Structures are given as C-alpha cells and as structure tokens.
Undergrad: 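Handing you a structure now.
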Amino acid sequence: MRFSVFVGYGSLVVRFFSALLFTVFIVRYMSPEDFSVWVFGFSILPLVSMGYDLWGWAFARRYVLGVKNSLASGILLNLVYMIISSLALYIAAIYLGGSMGSSYSYLALFIINNVFNGLSSIASNLGNLLRPDVSMSSLIIFELSRVSLAYVFVRLLGMGLSGAILSPAIASALSSLYIISVLRRSGLITLQWSGVFGEISVLLRMSVIGSINSVAGFLWNIDRVLMTLVARYGEAVSYLGVAYSLRGIVSQITSVPAIVAYAKLLREEKYLPRDLIYMTLVISAPVLIYSITLSKPLVTLLNPYYVDMYRVVFLVMIDGFLSGLASIFIGILYGVERRDLEARAIRDLMRTSIGRIQIMNLSRASLFALGSLVYSLLIRLDLVCQDPLEVVVVISLLLMILTTSYLVILLREVVSKKSLGVDLREMINIFVSALLSNLFLVATGAWGIEILSITRDLVRVIIPLTASLGIYLIILYALSSWFRGFAKDLVKYLLEKYF
C-alpha cells in the first residue's frame, strides 16, 4: 500500500505541471472579464451538480460492502437528476445573460460539464474504493487531456471562454471512461437490477448526509458568487480565482493519501495509517514552504497582471495545506465507521462519525458564507475600500480560522477511534529538512523572479528549485530513520521488480 501511494505521488508531479499549464492558458490568454465569468461558472457548477453527490458516496460504499444492486440504483438516480439539473442550468444561463451581460450566456455550455459530472460521479466514487491506483492515474489522464484541449481551444483556435469551459468537460469524460473500462476488465463491476427500487429508497434516505455535504460545498464557493452578484466586484473575483488555483495545488497534493486511507480501512480496520501520514508530510511540507517562498514567480507565471498578489497568497496556501490534512483524517474516520450499514433512520446516521463530520462541515461553511455575505455588502455599500488584495486577505483569514478549528476537532476524533502510530520527532525532522533546504532558494534570489517570459524566466526558477529538492532529500535522509528505511525498501522493491 505504501508503494501505491508513492506511485500516486509520482503521478502527482505530472498532474501538478499540467494543472499549472492549464491555469496559465486560462488566466494568461483570457481577459479579466471572461475569466470572471469562467470563475463564476465553476463556482455555481457544484450547486448544479450537487445531486450526484447526494447518493454517490452511499451507493459506492454499499456496493463495496456487498450490496450489489446499489450500483444500478445509483446510475438510475444520476440519469434522472442529470435531465432536471441541465434544464435548470439552461434557464439560469438565459436569465443571467439578459441581466448581467451577454458573456454570461456562455454559462449554458456548462450543461456539458454537468452531464459529464454525472458520469464522473459514478466512475470516481467506485474507483476510489475499488482501485485507488486507477483513480489516481485517471487524474493524470484528466489533467493531460485538459491542458492539451485548453491549448488547442484557447491558444490555437482562439475559442476563449467557450474553449475554457469545454476543455475540462471533455477531459472529465475521457478520465471517467478510463476508470469504467479498467474496472469492467477487472471484473469489479456487476449490474444487478433486481430490487433496485427498494435500494433507491435506501439511497435517498442516506442522501441526507450527501445533501448536507453538497450544500456545504456550495457555501464554500459562494464567496465568488457574492462578489459577483452582491458586491458587483468582478476584479476581486479574478484575484480570488488566482488565489484558489494556488490553494488547490497545495490542497490536492496534501490530500492524496485520503483516498488510500479510506479504501484500505474500509476493507481492513486494523490497518495503521502511519506511513500515509509520513508520506503526506514528506511531499506536502516542502511543497507548502517552497510555494510560499516562490509566491512571486508562481503568481506571475499565471499572469503578471496579478503580481501584487505575491505578498498575500501565502495565507490561502497555508489553508490549502490544512484542508488537505483534514481530508486525510476524514478518510480515516470514514474507513473505520460501520454503523451506517445498520442505520434504520436518519437520526441513526447522524450519530455516526460520517454524520457528525458533515454537520461540522456544514456549520463552518455556513459561517464562511455569512462572513462572505457581510463583507460583500460592505463593499457594495462602500463601507470598505475596493481593494482586491484586501479581499484575498479577508477571505483567506476567514478560511484559515474555520479550517484550523475543524482540523483540531477531527484530530481528536481520529485519536479516540484509531491509533495513528506516528512519532512527533519524525514529523519535526520533515519540516526542519524542508525549512533548511528552503534557505538555498532564498539565497539564490529565486523568490524575487517575475515570470514575464515563460521560456526565459521559468528556467531561472526551476534550476534552484531542483537543487533545493536534492538538498531536502539529503537532509531528510540524514535526520529521519523512517525515511531511511523507506528509501531502502523502495530501492529493494525496484531492484526485485525490474532487475
């Protein structure tokens, strides 16, 4: 299992650079106005597609635990919801196009994204629990397809906003079909149609948990919606879009082992997730520290227009790291929980760890939405200055406060249910190694480079960054006994497998 995580992190390197290139194509080759519409569209898409998440987690979980007709029931529910939600999105696009400008009519194209989200819900939920390695590799397909299509549509064909909307939709379809084809060839997918209506009633009852998660997901994205509809501050939306792009990179890297922890513990309750936590920090600690140091190159790589953001984006990067850690703890708690299979009523579900986690997440998402609403009203009424940097700072601080308190609660619940087996000294060694190697980046002056020309300036950052990574691994090998053992096991594994 530790090697599958290692392979997953190796594939994440490909995802990181492809995701970065996609963001560059979108931000650099779109006007701030079109980019605002794009950010707004992908902010409301979770609301439109939330139905898939209501029962998606439940049918996959029950299918893996032996309820074989749950998959067919989930497919039927997705098809019905796909038709209803696509019609609602079309009506919303017509209304917004008439009231806020013709560019908002492009939101109708998000119907394609919504349809493929239904397919992705089935594929990803099953893949995460049956074959986590396939789910991780499918993300590579998604990222490479997305960046390739974005380059063709946005850069070569000049499709602008429509190309930026269609490229992730098509990429999502390709990655979903890959997961389904692998699972079918492995004999892991069987459709059992008997008793599907009875199972649908069970899934709808369990969808209460999913509805809480979906509402929370929308509330987490509502700050950009409120900045658009209430504050009427499109420039701040584009700044937030850049900030969330950088936050997403750190968060995704940190949360990779969450899928593996959930899938492993769902089958083997005695599994100790110590290695997963160590491997998370080995990768995410230097990513966080280097990203903060290289804030100016990262921001200007996306678009030099946002160069003044480099002083404040460290806040949202820290929140991304904390959110990733929270995802791992949630994966552990979901994996050890079994009481939901015996739940006969909604109140029984809410007493499980799954129910308590969703209530906590909804509570803090509601607080975030309320804070975003108040702040948007203050901007609209000219009671605070209209400074996009101030918007990024305020939103980032609000996120950090809520995420930190949530992380502490999750950690306490994990410790009460599952021994992590971690050594605090090993975690300290990881951060010390990352901080010491980061001094090389500071000494070379890479932190102050602005990426005005990708071909000319980017190499000036990559060379010292690569050297810092080498220094990090050397220091970590010297300080961490766990990493020394892991490196030796890895070398032995590779020699036995390929030589």
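Only a predicted model underlies this, so the values are computations on that prediction, with no experimental measurement involved.
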Undergrad: Okay, side chain of Ser175, backbone of Leu139: is any donor-acceptor separation there less than 3.5 Å?
TA: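 Checking the backbone N and O of Leu139 against the side chain of Ser175, no donor-acceptor pair under 3.5 Å is found.
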Undergrad: Work out which heavy atom in Ala216 is nearest to a heavy atom in Ala365; give both atom names and the distance.
TA: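 Smallest interatomic distance, heavy atoms only, reads O-CB, 3.7 Å.
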Undergrad: Any donor and acceptor pair, going by atom type alone, linking the side chain of Ser295 with main-chain N or O of Ile292 inside 3.5 Å?
TA: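 The answer is yes, because a donor-acceptor pair under 3.5 Å joins these two groups.
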Undergrad: Could you tell me how the ring of Tyr81 sits relative to the ring of Tyr52: parallel (under 30°), tilted (30 to 60°) or perpendicular (over 60°)?
TA: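 Answer is perpendicular, since the angle exceeds 60°.
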Undergrad: What are the two closest non-hydrogen atoms of Val250 and Ser291, and how far apart are they?
TA: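 Scanning both residues completely, I find the closest heavy atoms to be CG2-OG, 4.4 Å.
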Undergrad: Is a donor on one side and an acceptor on the other found under 3.5 Å between the side chain of Arg224 and the backbone of Gly241?
TA: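 Not confirmed, Arg224 side chain does not pair with Gly241 backbone.
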Undergrad: Determine whether the side chains of Asn213 and Trp57 contain a donor N or O and an acceptor N or O closer than 3.5 Å.
TA: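 No donor-acceptor contact under 3.5 Å links the two side chains.
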Undergrad: Between Val461 and Pro297, what is the shortest heavy-atom contact and its length?
TA: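 Closest approach of Val461 to Pro297, heavy atoms only: CG2-CB, 4.0 Å.
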Undergrad: Hey, are Ser481 and Glu426 close enough side-chain-wise for a donor-acceptor pair under 3.5 Å?
TA: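 Their side chains do contain a donor-acceptor pair, which is all the 3.5 Å distance test asks for.
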Undergrad: Say whether, by atom type as modelled, one donor and one acceptor occur between the side chain of Thr404 and the main chain of Ile401 under 3.5 angstrom.
TA: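 Checking the backbone N and O of Ile401 against the side chain of Thr404, no donor-acceptor pair under 3.5 Å is found.
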Undergrad: Report yes or no: do Tyr477 and Ser433 form a side-chain donor-acceptor pair below 3.5 Å?
TA: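 No donor-acceptor contact under 3.5 Å links the two side chains.
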Undergrad: Taking all atoms of both residues into account, what is the closest heavy-atom pair of Phe59 and Gly74, and its distance?
TA: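 Scanning both residues completely, I find the closest heavy atoms to be CD2-CA, 4.0 Å.
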Undergrad: Okay, side chain of Asn429, backbone of Leu479: is any donor-acceptor separation there less than 3.5 Å?
TA: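 Yes, Asn429 side chain to Leu479 backbone: donor-acceptor pair under 3.5 Å.
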Undergrad: Has Ser238 got a side-chain atom pairing as donor or acceptor with Glu235's backbone, closer than 3.5 angstrom?
TA: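 At least one qualifying donor-acceptor pair exists.
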Undergrad: Determine, stepwise, if the pair Val393 / Leu397 fulfils side chain to side chain contact (heavy atoms under 4.5 Å, CB included).
TA: CA-CA 6 Å; Val393 171; Leu397 288 175; 3.9 Å; yes
Undergrad: Does any donor atom in the side chain of Ser172 or Arg146 lie under 3.5 Å from an acceptor atom in the other side chain?
TA: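 Side chains of Ser172 and Arg146: no pair found under 3.5 Å.
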Undergrad: Nearest 0.5 Å, please: how far is CG in Asn113 from OG in Ser120?
TA: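 One finds 11.0 Å between OG of Ser120 and CG of Asn113.
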Undergrad: Are Tyr239 and Asp308 close enough, and set up right, to give a side-chain hydrogen bond (donor to acceptor under 3.5 Å, both in side chains), and what steps lead you there?
TA: CA-CA 10 Å; Tyr239 271 73; Asp308 52 347; 3.3 Å; yes
Undergrad: Side chains of Leu389 and Arg311, heavy atoms from C-beta outward: is any pair under 4.5 Å?
TA: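 Yes - at least one pair of side-chain heavy atoms lies under 4.5 Å apart.
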Undergrad: Taking it one step at a time, do Leu439 and Leu436 satisfy side chain to side chain contact (heavy atoms under 4.5 Å, CB included)?
TA: CA-CA 5 Å; Leu439 295 177; Leu436 290 176; 4.3 Å; yes
Undergrad: At their closest point, which heavy atom of Ile179 faces which heavy atom of Ala123, and how far apart are they?
TA: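 Closest heavy-atom pair between Ile179 and Ala123: CG2-O, 3.4 Å.
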Undergrad: Does some side-chain heavy atom of Arg61 sit less than 4.5 Å from a side-chain heavy atom of Val67?
TA: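 No, side chains not in contact.
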Undergrad: Please examine the side chains of Arg364 and Leu399, heavy atoms only from C-beta on, and report whether any two atoms are closer than 4.5 Å.
TA: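 Not touching, per the 4.5 Å side-chain cut-off.
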Undergrad: Step by step, work out the side chain to side chain contact (heavy atoms under 4.5 Å, CB included) result for Ser121 and Asn125.
TA: CA-CA 6 Å; Ser121 170; Asn125 279 301; 3.4 Å; yes
Undergrad: State, with a plain yes or no, whether a side-chain heavy atom of Val39 is found less than 4.5 Å away from one of Leu240.
TA: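 Side-chain contact under 4.5 Å: no.
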Undergrad: Distance check, rounded to the nearest 0.5 Å: Ile409 atom CD1 versus Ile357 atom CD1?
TA: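 Answer rounded to 0.5 Å: 11.0 Å.
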Undergrad: What residues, two or more places apart in sequence or in another chain, satisfy side-chain hydrogen bond (donor to acceptor under 3.5 Å, both in side chains) together with Tyr375?
TA: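 With neighbours one apart ignored, the set is Glu390.
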Undergrad: For the residue pair Ser372 / Asp223, report whether a side-chain donor-acceptor contact shorter than 3.5 Å exists.
TA: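 No.
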Undergrad: Does a side-chain heavy-atom distance below 4.5 Å link Ser353 with Glu413?
TA: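 Heavy-atom side-chain distance check passes, below 4.5 Å.
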Undergrad: To the nearest 0.5 Å, how far apart are OG in Ser376 and CG in Leu378?
TA: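 CG of Leu378 is found 8.5 Å from OG of Ser376.
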Undergrad: Step by step, work out the ring-ring contact (aromatic ring centres under 6.0 Å, His included) result for Phe42 and Phe110.
TA: CA-CA 8 Å; Phe42 276 100; Phe110 280 93; 4.9 Å; yes
Undergrad: Please name the pair of heavy atoms, one in Phe483 and one in Ser480, separated by the smallest distance, quoted to 0.1 Å.
TA: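 Looks like N-OG, 3.0 Å.
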Undergrad: What I'd like to find out is whether the side chain of Ser468 reaches to under 4.5 Å of the side chain of Tyr290, using heavy atoms alone.
TA: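 A side-chain contact under 4.5 Å exists here.
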Undergrad: Would you say that Ser363 contacts Ile359 through its side chain, given a criterion of any heavy-atom pair below 4.5 Å between the two side chains?
TA: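 A side-chain contact under 4.5 Å exists here.
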Undergrad: Under 3.5 Å, is there a donor-acceptor pair between the side chain of Tyr262 and the main chain of Ile328?
TA: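 Absent.
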Undergrad: Check whether the side chains of Asn78 and Trp55 place a donor and an acceptor atom closer than 3.5 Å, and report yes or no.
TA: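 Asn78 vs Trp55: donor-acceptor pair found between side chains.
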Undergrad: Would you confirm whether Asn438, through its side chain, and Ala434, through its main-chain N or O, come within 3.5 Å as a donor-acceptor pair?
TA: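 Checked: no pair found.
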Undergrad: Look up atom CD1 in Ile283 and atom CD1 in Ile430, then write down how far apart they are to the nearest 0.5 Å.
TA: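 The CD1 atom of Ile430 is 9.5 Å from CD1 of Ile283, to the nearest 0.5 Å.
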Undergrad: Can you tell me how far CD1 of Ile471 sits from CG of Leu441, rounded to the nearest 0.5 angstrom?
TA: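 Spacing of CG (Leu441) from CD1 (Ile471) equals 8.5 Å.
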Undergrad: Answer yes or no: is there a donor N or O on one side and an acceptor on the other, between the side chain of Thr300 and the main chain of Lys296, under 3.5 Å?
TA: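 Checking the backbone N and O of Lys296 against the side chain of Thr300, a donor-acceptor pair under 3.5 Å is found.
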Undergrad: To the nearest 0.5 Å, what is the distance between CZ on Arg484 and CG on Leu476?
TA: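 The CG atom of Leu476 is 9.5 Å from CZ of Arg484, to the nearest 0.5 Å.
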Undergrad: With distance as the sole test, does Ser255 use its side chain to make a donor-acceptor pair with the main-chain N or O of Ser251 at under 3.5 Å?
TA: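 Present.
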Undergrad: Could you please spell out the steps behind the side chain to side chain contact (heavy atoms under 4.5 Å, CB included) verdict for Tyr244 and Ile395?
TA: CA-CA 11 Å; Tyr244 278 112; Ile395 296 299; 3.5 Å; yes
Undergrad: State, with a plain yes or no, whether a side-chain heavy atom of Val215 is found less than 4.5 Å away from one of Leu219.
TA: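 When only atoms from C-beta onward are counted, Leu219 and Val215 do touch, with a gap below 4.5 Å.
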